Amino acid sequence: MILVTTDFISGKELETLQLVKGSVVVSKNVVRDVFAGLKTIIGGELKGYTELLNDARRIATERMMGEAVMIGADAIIEVRFVTSEIMAAAAEVTVYGTAVKFR
């Protein structure tokens with residue numbers, strides 16, 4: 001499955017199928033919160049949160065690709081990620097794009 005952020009794929013003529021998306025809600029770990037709180041005092045990357053969001057983006061992308069495969073897509077164009085906090089201890093990661101077939 002080809003994923004691109006552009007509205008085209010070089011050398012391919014595309015037929016638009018439909019919007020596809022994937023999302024996941026992840027919650028923070030209490031241990032991560034304690035260490036993150038300490039880290040904010042001295043500064044630096046919060047690696048536990050980076051890993052958490054990277055995993056969430058991967059899961060959301062796999063779900064979007066699964067939806068695209070179910071409708072016979074060859075690729076997904078105009079891929080975008082959105083992350084939002086839905087409560088103090090949880091965030092939603094959504095990815096969406098336009099499923100296309102090659103002509």
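Given the structure is predicted, the values throughout are model-derived calculations rather than measurements.
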Original post:
Any salt bridge (Lys or Arg N to Asp or Glu O under 4.0 Å) pairs touching residues 86-98, not counting sequence neighbours?
Top reply: none

**OP:** Output every pair passing salt bridge (Lys or Arg N to Asp or Glu O under 4.0 Å) with a member in residues 1-17, not counting sequence neighbours, ordered by first then second residue.
**Re:** E13-R103

Subject >> Shortest non-hydrogen contact from V79 toward T5 >> reply: O-CG2, 3.6 Å

Original post:
What pair of heavy atoms forms the shortest contact from V24 to A56, and how long is it?
Top reply: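 Closest heavy-atom pair between V24 and A56: CG1-O, 3.3 Å.
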
Original post:
L3 and V100: same hydrophobic cluster, using ILVMFWY side-chain contacts below 4.5 Å?
Top reply: no

Original post:
According to a 4.5 Å side-chain heavy-atom criterion applied to Ile, Leu, Val, Met, Phe, Trp and Tyr, with indirect links allowed, do L17 and V95 form part of one hydrophobic cluster?
Top reply: yes

Original post:
Please walk me through it: do K101 and L14 pass side chain to side chain contact (heavy atoms under 4.5 Å, CB included)?
Top reply: CA-CA 6 Å; K101 282 192 75 64; L14 306 176; over 6 Å; no

All N/O donor-acceptor pairs, side-chain side in residues 59-78, below 3.5 Å, sequence neighbours left out:
unit_1, atom_1, unit_2, atom_2, d
T61, OG1, R57, O, 2.8
E62, OE2, R58, NH1, 3.3
R63, NH1, S23, O, 2.7
E67, OE1, K21, NZ, 3.4
D74, OD2, F102, N, 2.7

Subject >> Listed partners of E85 passing salt bridge (Lys or Arg N to Asp or Glu O under 4.0 Å), at least two apart >> reply: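 None.
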
**OP:** Taking salt bridge (Lys or Arg N to Asp or Glu O under 4.0 Å) as the test, write out the residues that go with R80, two or more places apart.
**Re:**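 Counting only residues at least two positions away or on another chain, R80 forms no salt bridge (Lys or Arg N to Asp or Glu O under 4.0 Å).
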
Original post:
Excluding sequence neighbours, so at least two apart, what forms side-chain contact (heavy atoms from CB on, under 4.5 Å) with T50?
Top reply: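 By the side-chain contact (heavy atoms from CB on, under 4.5 Å) rule, T50 matches E45, N54.
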
Original post:
Does any non-hydrogen side-chain atom of T16 lie less than 4.5 Å from one of T98?
Top reply: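 Yes. Closest side-chain heavy atoms under 4.5 Å.
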
**OP:** List, by chain and number, the other hydrophobic cluster members for L19, where Ile, Leu, Val, Met, Phe, Trp and Tyr join if side-chain heavy atoms come within less than 4.5 Å, directly or indirectly.
**Re:** V82, Y96

Original post:
Out of curiosity, I86 CD1 to T83 OG1, how far, rounded to the nearest 0.5 Å?
Top reply: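 Going from CD1 on I86 over to OG1 on T83, the span is 11.5 Å.
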
